[in-house]
Amino acid sequence: MLTQTQTDPGQSAPLIAIASVIVSMALIAIGNGLMFAFIPVRLGADGFDPTWAGLIVTGLSAGGLAGCILTGPLVRRVGHARAFMVLSALIALSNVAIGAGPMPLLWIAARALYGFAICGLFIVAQSWLNDALPNAIRGRVMAVFYVAYIAGLGVGYATLAAIDIQTAAAPLIGIAFTELSILPVGMTRLAQPPAPQAASVALGQAWRISPVGVVGMLAVGGLSMIISGFAPIHATAKGYSQAEVALLLSAMPVGTLILQIPLGWLSDRTDRRYVVAASLLAIAFDGGALMALVAIYLIWDGASESIYSLSSAHAADRARKEELLALSSSLLFAWSLSGFIVPGIVTALSAVFGTGTFIYVGIAIASAFCLFVLWRVFAARPMPAAATGSFAPMSAQTPLPVELAFAPEEPAKPAKD
């Protein structure tokens, strides 16, 4: 995990240089979305037990947790641009292993490598942009960053419908887009941020600042991983075709894009905890017919992504300036830890109760968090509207690097939830 010294707010990097990082991550997203869709469908077509696909999701989550911890030392050693290229190369190498054919043990290792690399890439890309952007436009540019990545995932998901899954076409396409992503960063004139410093994890302090923020990250870390990881496994096991799985997954990013803005607007005008609780109510159903399933998963994914954004904003509202670094790194760690543990639990339970288990685990997590949020609403006073920051769209698929969402000039805000 890392942070960096901010550039002079009065200076801004050329927009074309900033765009190079955003374009690179959007290109990576296309390949990543395709691989998320391809792996469970290919395993299902070859007759592998769905448990293997669950283990692959768990391996990815383990790699992501390692990436959150080890990216900082990597960037301190080689800098942002070289770290970006190294991590992109690891994603390409992961796809090479997938292209070798369905060998579950190899695929678990390959996706763990991918998890490490993609988590590291987000931390590098977002911290690089955060250093380059003045406060006046940071929120807008980061919103474009998130939308570009989520849109890229949707394109990748949809691509599954057009390829032959019995060939190595999907891994080759993933490799191609990953390699293309290196070009904009390799040619960018965006200045390198200063060497990052280590950021400490202080869960106790984060809890004292915002219990809802910490528990929200624990909830959404598990929710986001089981929804993105187990939805295609479940759809494949239910007998949906390759094109139908592609349609289902393509709808999920739409939920992310259309639900966050209205929920964020509402949260800026009322106690954010009410909006968090309301968004949780969407995570409660499974459907039978394909279009019902598409609509439900669209709401599922959009609701869980909104919990991520709202929990981050809620915690930021209650932190003093000097507390922001430890708070944001602690929230990232909580998100990563849950994203590793919950998929492992779901995989074990799915072996006994079937692939639909993730739905009920998601309902249990969402219900418990909803009750916790409602308790906090009654137990702690709300933050005055004038003291809250503005909502910014974020995605649980794009881990939050430390100091990303906080402007250094913001005044201290001592209230707790």
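Listed by chain and residue number, H234, W300 satisfy the ring-ring contact (aromatic ring centres under 6.0 Å, His included) test with F358 (two or more places apart in sequence, or in another chain).
Taking each heavy atom of P343 and F230 in turn, the nearest pair found is O-CZ, 3.8 Å. Nearest approach of C119 to G67, heavy atoms of both residues: SG-C, 4.2 Å. Pairing each heavy atom of G101 with each of W107, the nearest pair is O-NE1, 2.8 Å. Scanning all heavy atoms of the two residues, the minimum distance from G216 to F369 falls at CA-CZ, 3.3 Å. Counting all heavy atoms, side chain and backbone alike, A168 lies closest to G99 at CB-O, 4.0 Å. Residue S224 comes nearest to S228 through the heavy atom pair O-OG, 2.8 Å, listed as atom of the first residue, atom of the second, then distance.
Side-chain N or O atoms of Q242 include none that pairs as donor or acceptor with a backbone N or O of D164 at under 3.5 Å. Of the possible polar contacts, none joining the T355 side chain to the I233 backbone as a donor-acceptor pair under 3.5 Å is found. Between the D46 side chain and the F48 main chain, no donor and acceptor come within less than 3.5 Å of each other. Not a single donor-acceptor pair under 3.5 Å links the side chain of S210 to the backbone N or O of A206. Although no hydrogens or angles enter the test, the distance criterion places no donor-acceptor pair under 3.5 Å between the side chain of S94 and the main chain of L90. Checking side-chain atoms of T357 against main-chain N and O of G354 turns up a donor-acceptor pair under 3.5 Å. Using a distance-only test at 3.5 Å, with no hydrogens or angles considered, a donor-acceptor pair links the side chain of S61 to the main chain of G339.
N32 contributes atom CG, which lies 11.0 Å from atom CG of L27 (distance to the nearest 0.5 angstrom). Expressed to the nearest 0.5 Å, how far CD1 of I363 lies from CG of L223 amounts to 10.5 Å. The CG atom of L74 sits 11.5 Å away from atom CZ of R82, with the distance rounded to the nearest 0.5 Å. Atom CD1 of I345 is separated from atom CD1 of I365 by 7.5 Å, given to the nearest 0.5 angstrom. Expressed to the nearest 0.5 Å, how far CG of L153 lies from CG of L249 amounts to 10.0 Å. Here CG of L172 is found 7.5 Å from OG1 of T167. Values are rounded to the nearest 0.5 Å.
You'll find the side chain of I209 stays beyond 4.5 Å of the side chain of V214, heavy atoms only.
In this structure, R111 satisfies the cation-pi test against F36, with its NZ or CZ atom closer than 6.0 Å to the six-membered ring centre and inside 45 degrees of the ring normal.
Aromatic rings from F122 and Y149 are positioned such that their centres are separated by under 6.0 Å.
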